[in-house]
Structures are given as C-alpha cells and as structure tokens.
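Notes to accompany the following structure.
Keep in mind the model is a prediction, meaning the values are calculated, not measured. Below, chain A is the first sequence line, B the second, and so on; all start at residue 1.
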Amino acid sequence: MRLTRYFLPVLKETPSEAQIVSHRLMLRAGMIKQASAGIYSWLPLGYKVLRNVERIVHEEQQRAGHIPMLMPTLQSADLWRESGRYDAYGPEMLRIRDRHERDLLYGPTNEEMITDIFRSHVSSYRDLPMTLYHIQWKFRDEIRPRFGVMRGREFLMKDGYNFDVDYESAIHAYNRHMVSYLRTYERMGLQAIPMRADSGPIGGDDTHEFLVLADTGESEVFYDAAITDLKFGDRKVDYDNRDECAEIVKEWTTPYARTDETHDEAIFNQVPEERRRTSRGIEVGQIFYFGTKYSEPMGATVVNREGQHVPVHMGSHGIGVSRLLGAIIEASHDDNGIIWPEGVTPFHCGIVNLKQGDAEADRACEQLYDALTAKGLEPLYDDREERAGAKFATMDLIGLPWRITVGPRGLKNGVVELTSRKTGESEELSPEVAVARVAEIYGK
RNA sequence: CGGGGCGUAGCGCAGCCUGGUAGCGCGUCGGUUUUGGGUACCGAAGGUCGUGAGUUCGAAUCUCGCCGCCCCGACCA
C-alpha cells in the first residue's frame with residue numbers, strides 16, 4: 001500500500017478523551033474513531049489489525065477441531081425468557097422492540113441461541129462431541145464505557161460452545177479450549193495467563209480467565225512467577241488426545257495464578273516469597289464448563305448409548321477480539337507509539353523514502369515494494385512529500401515491526417537501512433538482502 | 001446510578017468571573033525552502049461558540065431546560 005493512496009488519519013496531538021495509552025495510541029494512529037460512548041468505527045489501519053487478530057482466532061479454533069458459524073446480533077427475547085435470563089440479565093442488555101411490538105435484544109452472548117440450534121438438529125450421542133463457535137459483535141450497555149476498545153459497549157468477541165454427552169468429554173472440551181487459547185495468545189505476541197476465576201453471571205462450575213499483565217488492567221492478580229516462564233512454543237498437539245490436553249492444562253494451572261475474586265492468601269503464601277507476584281491484568285478470554293445449566297431448562301437432550309434421554313453437557317468459551325487490540329498495545333508500545341507483534345501487524349514492513357522525488361530513491365523504493373509484494377508480503381510505502389522526520393514519526397506511531405529506509409546517501413553505497421521498531425537497531429544492507437531478511441522473518 | 005468536570009475552526013486550547021459580535025498553536029490549502037527524526041518563512045481558507053428558551057439596546061460570556069462527552073466511585077468481557 002502506498003501511503004498517499006491510503007486513509008491513515010494520524011493525529012499529532014492526543015485527543016483529550018483518551019486516558020490510557022492504548023486508547024491514545026489507537027486514536028493517534030488513526031485506527032479507530034469513536035462513534036458514540038463505547039462504540040467505535042474501525043478505520044482502515046485498525047480494521048486490518050482487527051482482522052488479523054480474528055484470523056488467528058479462527059485458525060486456532062479450527063486447528064482444535066471447532067466449527068465456525070455465524071449467529072445474528074439481534075435475538076428474540078423469547079429464547080431468553082426460556083432460560084430465565086431475560087429478567088436476570090438486567091439493564092446491561094440492550095432491549096429493542098420491532099414494528100410488531102416484538103421484544104428483541106442485541107445479544108450480549110449466545111448460549112440460548114446456540115442451545116436452540118442444537119436442540120433443533122441434534123438428538124444422538126453419535127453426533128457428539130461438537131464445538132461450534134462464531135466471531136460476532138456483541139453489545140453490553142455498560143454504565144460507564146471507558147478505555148477505548150478495552151471496555152466498549154459494542155465489542156467483537158469469539159464465543160464457542162461445546163456439546164458433550166458426559167462430564168469427562170466436556171472436561172476434555174474445556175481442556176482443549178485452554179490449550180488452543182494458549183496457542184492463540186502466544187501467536188499474537190501476548191502472554192496471557194490462565195487464572196482460576198469466578199463464574200459470574202454466566203454461571204458454572206469450572207472457569208479460568210486469561211489475563212495479560214498490564215498496569216492498566218482492571219483486575220488485581222496474584223501469581224507465582226514460575227508461570228511466566230512457561231512458553232507454548234512450537235509444540236505439536238493432538239487435540240483429540242484427552243491425556244495430552246489434560247497434561248498441558250495441568251502444567252499451566254499448577255503454579256498459583258488467581259484474580260482477586262478467587263485469591264486465597266493462605267495458598268498464595270505457600271509460594272516461595274521471591275516468586276510471589278501481585279500485578280494487574282487485562283482479561284482477554286474466559287472458558288467455562290457449566291454442565292446442564294442451559295440444556296436442562298431448554299430441553300437440549302441427546303439419546304445416549306443406553307437409549308436414555310440426557311441433557312447435554314456444555315461449556316462456553318470467549319475471546320475478546322476487539323479488546324485484544326487494546327491489550328496488545330498496552331503490552332507492546334513505547335514513547336513513540338505502538339510496537340506491533342509480527343503476528344498481528346497491519347503491514348509487514350514500512351518503506352520510508354527519505355527524498356521523495358529523487359529519481360534514484362523513488363526507483364529503489366518502487367523496486368523494494370515490488371520485490372516485497374512478490375514474496376507475498378504487504379509493505380506500507382510512505383511516498384508522501386514529507387520530511388524524513390515526519391515519516392519516521394508516523395512509522396514509529398503506527399508501529400510496523402520493520403522499516404526499510406531508503407535515501408540518496410545510502411544508495412550511493414548500494415545500501416538501504418533495515419530497522420527494528422522494537423529494538424531500534426539498524427543494519428545497512430543491499431536492497432536484495434533486506435527483502436530476503438524481511439521475508440525470512442515472516443517465514444515467506 | 002452517586003459525585004465532579006467539559007462542550008468555542010479538523011485536533012489541542014484561550015476568551016466567560018467583570019456582556020459590546022471570536023483568538024492562539026497544530027493541522028489543511030497555495031507558494032518559497034531540498035531538507036537523514038514532526039524544518040523555516042510568506043499567504044489563504046475554515047467557526048449558526050452543543051442545543052432550545054429567557055434576561056438585555058446587545059449574549060461565547062448571565063439564568064433555566066435539554067443533548068452529548070470525559071473523570072472518580074459502584075459495575076463489567
């Protein structure tokens with residue numbers, strides 16, 4: 001993409017409404033624009049990152065054998081009356097009435113709807129286990145939205161629902177989700193720690209929240225430093241293997257890690273003092289096993305091997321997709337702007353032409369652009385008639401992990417400069433080698 | 001929902017107390033500057049002062065209502 005043909009409304013000054021760094025940077029980098037309290041438009045740059053995060057979630061869900069689908073944002077109130085949550089949910093649920101005076105609601109979650117779909121079409125244990133998920137906009141009418149996309153009213157969320165014939169199978173689904181979530185967050189360059197949590201209004205027996213450590217987090221968290229040393233890495237997982245998934249879950253849930261809701265001082269004090277940590281965390285996902293909480297009242301049963309009708313065991317599993325952008329920025333930025341992890345970056349690298357209009361520099365940039373594109377990479381070429389300083393400042397602000405700087409001085413010696421946004425380290429390389437290096441970084 | 005604050009040019013703000021018809025910086029547009037970390041200079045455009053009513057000869061300024069937004073708290077993925 002050429003910057004002169006793109007829409008990137010960066011702000012030099014910080015809008016006064018933004019309090020925390022991720023919100024400020026998302027506004028300044030031209031990623032989002034507030035449409036109303038807690039509701040945002042996703043401008044091109046923000047949209048690209050949102051789609052990247054979404055793509056990773058899709059890939060990892062499907063790797064775990066979960067099936068994508070899409071449910072609507074608007075739901076009939078009747079379903080919610082059936083589960084009893086229409087009254088229980090309270091004013092956070094946005095209620096709407098259509099022209100026929102029918103009660104609708106903008107879905108804050110989809111347990112009722114998915115249960116309805118399930119009971120309409122599935123009746124035998126032979127069809128189980130099954131996990132369906134979707135990534136869809138949700139609405140919760142927070143009393144006080146804040147922190148940009150970290151706590152908006154409208155938000156994009158992946159929610160998945162498992163259906164299993166018995167407890168053991170459902171627990172495997174729970175474990176499978178935990179493993180897939182660990183992979184998902186790590187691919188986004190995040191360390192998200194699973195913490196034993198409170199089940200909240202959704203209800204349930206077993207639940208973990210995934211938290212990204214950050215000063216601006218809304219939850220106070222207590223953990224054993226040992227857990228931050230765990231890395232998922234390239235390990236291959238057979239998601240159908242119950243023991244293997246259970247083993248990984250055990251590994252990640254053994255060190256103490258809890259939010260303030262479930263924190264137990266007595267147990268925490270058994271952690272060696274030098275490893276005890278107290279911090280704040282941003283919740284970016286949660287997994288629940290809730291058994292037959294919805295299947296029972298809504299009549300979602302299957303016939304088991306013995307020929308009996310039994311309510312299915314369910315769980316639900318969420319990832320806050322739009323919120324993750326805020327969390328990633330909170331965890332990865334500096335004074336000059338965002339530092340995107342390579343897994344989610346909106347463009348693979350930037351090309352800065354220091355002297356737009358200089359025949360040599362222009363040609364070198366075009367060649368770099370074509371060569372990178374031919375490798376399957378997406379560069380952002382700053383071809384504006386701007387001073388070098390302005391171009392550098394823009395690149396730093398929008399956080400592309402790699403920058404290739406092209407100027408007449410370097411070209412005289414046959415080199416361009418490849419700079420890491422994260423470390424600031426630069427290397428002078430021939431254009432060909434620079435392209436090869438970037439391609440190698442992204443495995444292209 | 002309780003408490004506090006804000007709304008004046010695209011963005012950040014001053015002016016309001018003490019009424020006299022709107023200003024600064026950045027950005028934008030047109031030039032000059034040829035420039036390796038937001039360059040400098042010249043010129044220009046851009047505002048029903050959130051909105052409605054009231055007081056007044058006269059309201060951005062005073063009074064009241066409404067709308068929107070932000071902050072602290074309670075709540076929350």
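Both the sub-6.0 Å distance and the 45° axial angle are satisfied by A/R95 relative to the ring of A/Y86. By the 6.0 Å and 45° rule, A/R2 stacks over the aromatic ring of A/Y369.
In this structure, A/P408 reaches the bases: a heavy-atom distance under 4.0 Å links it to at least one base atom across the strands shown. Across all strands shown, A/G407 has heavy atoms under 4.0 Å from base atoms, whether or not it also approaches the sugar-phosphate. At a threshold of 4.0 angstrom between heavy atoms, the contacts of A/R384 with the nucleic acid are absent. Across all strands shown, A/I143 has heavy atoms under 4.0 Å from base atoms, whether or not it also approaches the sugar-phosphate. Here A/A388 lies in heavy-atom contact (under 4.0 Å) with sugar-phosphate atoms only. Base engagement by A/G410 is indicated by at least one non-hydrogen atom pair under 4.0 Å involving a base atom. In this structure, A/D358 reaches neither bases nor backbone, as no heavy-atom distance under 4.0 Å exists between it and the strands shown.
Without hydrogens or angle criteria, A/T207 side chain to A/I287 main chain gives a donor-acceptor distance under 3.5 Å. Checked by atom type and distance alone, the side chain of A/H23 never pairs as donor or acceptor with a backbone atom of A/A18 at under 3.5 Å. Checking side-chain atoms of A/W42 against main-chain N and O of A/V49 turns up no donor-acceptor pair under 3.5 Å.
You'll find that the side chain of A/A37 is closest to B/C70, out of B/C70, B/A77, B/U35. Closest approach to the A/E13 side chain among B/G12, B/A77, B/C71 is made by B/G12 (side chain taken as heavy atoms from C-beta onward). With B/A77, B/U34, B/G36 as the choices, the nucleotide that has an atom nearest any side-chain atom of A/L354 turns out to be B/G36. Of the candidates B/G38, B/A77, B/G73, the closest approach to any side-chain atom of A/R144 belongs to B/G73. The side chain of A/K12 approaches B/C26 more closely than any other nucleotide in the set B/C75, B/G37, B/C26. The side chain of A/E218 lies closest to B/A77 when the candidates are B/A77, B/G36, B/C75.
Taking side-chain N and O atoms only, A/S36 has a distance below 4.0 Å to OP1 or OP2 of B/C69. The phosphate of B/C70 has OP1 or OP2 within less than 4.0 Å of a side-chain N or O from A/Q34.
At a cut-off of 3.5 angstrom, counting only N and O atoms as typed in the model, there is a donor on one side and an acceptor on the other between the side-chain of A/R151 and the base of B/C75. Side-chain N/O atoms of A/E386 and base N/O atoms of B/G38 include no donor-acceptor pair closer than 3.5 Å. A donor-acceptor contact under 3.5 Å is not formed by the side chain of A/R146 with the base of B/G73.
Here B/C26 presents its C1' atom at 11 Å from CG of A/L11, a figure rounded to the nearest Å. In this structure, A/E360 atom CD and B/G36 atom P are separated by 19 Å, rounded to whole Å. As rounded to whole Å, 17 Å separates atom C1' of B/C75 from atom CE of A/M93.
B/A40 and B/C57 are spaced 49 Å apart, taking the C1' atom of each and rounding to whole Å. Rounded to whole Å, the separation between the C1' atoms of B/G50 and B/G7 comes to 6 Å. For the C1' atoms, the distance linking B/A22 with B/C41 amounts to 27 Å, nearest Å. Spacing between B/C67 and B/C75 at atom C1', rounded to whole Å, works out to 25 Å. For the P atom pair drawn from B/C16 and B/U63, the interatomic distance equals 14 Å after rounding to whole Å. If you take atom C1' in B/G23 and the same atom in B/G47, they sit 11 Å apart, rounded to whole Å. For the P atom pair drawn from B/U33 and B/C24, the interatomic distance equals 27 Å after rounding to whole Å. To the nearest whole angstrom, the two C1' atoms, one in B/G15 and one in B/C6, are 16 Å apart.
Under the Watson-Crick or G-U wobble criterion, with both distances below 3.5 Å, B/U34 is left unpaired in every strand shown. Using N1 to N3 plus N6-O4 or O6-N4 for Watson-Crick, or N1-O2 and O6-N3 for G-U wobble, each under 3.5 Å, B/G23 pairs with B/C13. The partner of B/C6 is B/G68, judged by Watson-Crick or G-U wobble contacts that both fall below 3.5 Å. Look at B/U63: its Watson-Crick or wobble partner, with both distances under 3.5 angstrom, is B/A53. The base-pairing partner of B/C1, taking Watson-Crick or G-U wobble contacts with both distances under 3.5 Å, is B/G73. The pairing partner recorded for B/G43 is B/C29, the criterion being a Watson-Crick or G-U wobble arrangement whose two distances lie under 3.5 angstrom.
Between the side-chain ring of A/F155 and the base of B/A77, a stacking contact exists by the 5.5 Å and 30° definition.
Residues A/H66 and A/H177 have side chains in contact (heavy-atom distance under 4.5 Å, counting atoms from C-beta outward).
Nearest-nucleotide mapping onto RNA chain B: of A/R387 and A/Q19, the residue sitting toward the 5' end is A/R387.
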Give the intermediate values and the outcome of ring-ring contact (aromatic ring centres under 6.0 Å, His included) for residues A/F347 and A/Y6. CA-CA 12 Å; A/F347 294 95; A/Y6 201 48; 5.5 Å; yes
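Between A/Y289 and A/Y174, the distance separating the two ring centers is not shorter than 6.0 angstrom.
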